[in-house]
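Note that this is a predicted model, so its numbers are computed, not measured.
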Amino acid sequence: MGSFQLDDFAAGWIGGTASVIVGHPLDTVKTRLQAGVNNGNTLSCVRALYRRESVFGFFKGMSFPLASIAVYNSVVFGVFSNTQRFLSQHHGREPEASPPRTLPDLLLASMVAGVVSVGLGAPMDLIKIRLQMQTQPFRAANLSLKPRVAAPGEQPAYQGPVHCMATIVRTDGLVGLYRGTSAMLLRDVPGYCLYFIPYVFLSEWITPEACADPSLCTVWLAGGMAGAISWGTATPMDVVKSRLQADGVHLNKYKGVLDCIYQSYQNEGLKVFFRGITVNAVRGFPMSAAMFLGYELSLQVIRGDHTVTSP
């Protein structure tokens, strides 16, 4: 088999679908905490969301990520696995032999996956957050910035993902779909390093020496812990990204990443950058566990074997 393999992309798509189904309710809570107003702590936000919008409020905007984030994860896992395989061949190692992964190779493959993910994922994330935030009260605007809607909140700004995308393109052009990209790069490049590298080393550490491959239980545990680590450490830039992308549902408040950081710090202090860290870490475990399990099980079926092959 050559160094480039499409089955990694197919398995990533299946794993991505599983992760969206498991994680979207807490993702909605996380977005409301980071970019909304008067939500209090995590439990207060959950109660308020349920009281105002019932259980369906937790799944607001899910149809779009279910269709798109599965593709996004397919690309991320496919790029990471194939980049790692290419680096292995470049160093003269046989990719079929599943050699021990080196930290430099893992680091470079993770960074490449992070950069590629932002190019594909920024518009998807923007639309998801706009749909999640359109029924949420907005923050007071900077008086020097002109509001886009005179009386927000009377009815949803967007009628669905397609209408949301069309509205953004009509108002801000194609570049508007990439609002928050700088913050997303600062979140995802180190974030994927702290996602794939802990997963690989944790799965190797947990797996007994007598076993050639990690068990599915090991995959679940290592994947979940990697997700909690990655999402927990990514929270500060995730806050900035969420605010930049939610900005524009009703009005424009922030001029860019630095302005968002400055205004957020001036108005709410340093603690604002850790808003949602609990729900991020808690949500990161089941999402990533589902992602890696879906990925590994899919590879077993696609390749017709019964061993777990780490990305």
Side-chain angles (χ1 to χ4, degrees), residues 12 15-36 39 41-43 45-46 58 61-62 65 68-70 72-73 75-77 80 106-107 110-111 113-118 120-122 124-126 128-129 132-133 180-181 183-203 219-246 264 271-295 311:
T17 301
S19 72
V20 171
I21 294 171
V22 169
H24 191 79
L26 282 176
D27 183 68
T28 300
V29 174
K30 182 267 298 183
T31 301
R32 297 288 179 96
L33 282 169
Q34 292 179 342
N39 281 312
N41 58 28
T42 302
L43 289 178
C45 182
V46 170
F58 294 97
M62 182 175 167
S68 60
I69 292 180
Y72 168 85
N73 279 297
V75 172
V76 168
F77 273 69
F80 173 81
L106 289 170
L107 191 64
S110 300
M111 292 174 69
V115 171
V116 172
S117 75
V118 172
L120 179 65
M124 299 177 183
D125 221 31
L126 176 69
K128 174 186 67 98
I129 285 179
Q132 287 174 326
M133 291 300 298
T181 297
M184 198 169 180
L185 272 170
L186 292 170
R187 183 197 71 170
D188 284 3
V189 173
Y192 277 115
C193 292
L194 292 171
Y195 184 65
F196 286 115
I197 294 173
Y199 171 75
V200 169
F201 285 118
L202 282 170
S203 60
V219 170
W220 175 82
L221 183 59
M225 290 177 68
I229 292 168
S230 176
W231 275 108
T233 54
T235 297
M237 285 313 302
D238 191 45
V239 171
V240 175
K241 180 203 71 72
S242 293
R243 290 187 168 208
L244 282 170
Q245 292 183 325
S264 299
K271 68 180 184 297
V272 69
F273 299 107
F274 298 93
R275 180 172 292 168
I277 189 170
T278 301
V279 71
N280 250 350
V282 170
R283 152 185 170 270
F285 191 102
M287 273 188 69
S288 297
M291 177 70 232
F292 280 103
L293 269 178
Y295 174 83

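- At a threshold of 4.5 Å between non-hydrogen side-chain atoms, the residues W231 and D238 count as touching.
- With contacts defined as side-chain heavy-atom distances shorter than 4.5 Å, the pair R243/V272 qualifies.
- Put simply, CG on L106 and SG on C193 are 9.5 Å apart, with the number rounded to the nearest 0.5 Å.
- One finds the OG1 atom of T233 at 11.0 Å from the CZ atom of R187 (value rounded to the nearest 0.5 Å).
- Counting all heavy atoms, side chain and backbone alike, L185 lies closest to P190 at O-CD, 3.8 Å.
- Every residue two or more places apart in sequence or in another chain that forms a side-chain contact (heavy atoms from CB on, under 4.5 Å) with L186 is listed here: M237.
- Between M184 and the choices V240, L126, L244, V118, the side chain to side chain contact (heavy atoms under 4.5 Å, CB included) rule is met once, by V118.
- Taking all atoms of both residues into account, the shortest heavy-atom contact from N280 to T235 is ND2-OG1, 3.1 Å.
- The shortest heavy-atom contact between L202 and A226 is CD1-N, 4.5 Å.
- When all heavy atoms of L194 and I229 are compared, the pair lying nearest together is O-CG2, 4.0 Å.
- Not counting sequence neighbours, the partners of V282 by the side-chain contact (heavy atoms from CB on, under 4.5 Å) test are L26, T278.
- Closest heavy-atom contact between M287 and S19: O-CB, 3.4 Å.
- No side-chain heavy atom of V116 sits less than 4.5 Å from a side-chain heavy atom of V76.
- Residues A113 and F196 approach most closely at CB-CE1, 4.5 Å, considering heavy atoms.
- Between Y72 and Y192, the ring-plane angle classifies as tilted under the 30° and 60° cut-offs.
- In this structure, V29 and R283 have side chains that are not in contact, with every pair of non-hydrogen atoms separated by 4.5 Å or more.
- Taking the side chain as every heavy atom from C-beta outward, S264 and V239 never approach each other to under 4.5 Å.
- Within the 4.5 Å cutoff, side-chain heavy atoms of L221 are placed close to those of M225.
- S288 places no side-chain N or O within donor-acceptor distance of the main-chain N or O of F285, the cut-off being under 3.5 Å.
- Ring geometry for Y199 against F292 counts as parallel: the plane angle stays under 30°, on a 0 to 90° scale with 60° as the upper cut.
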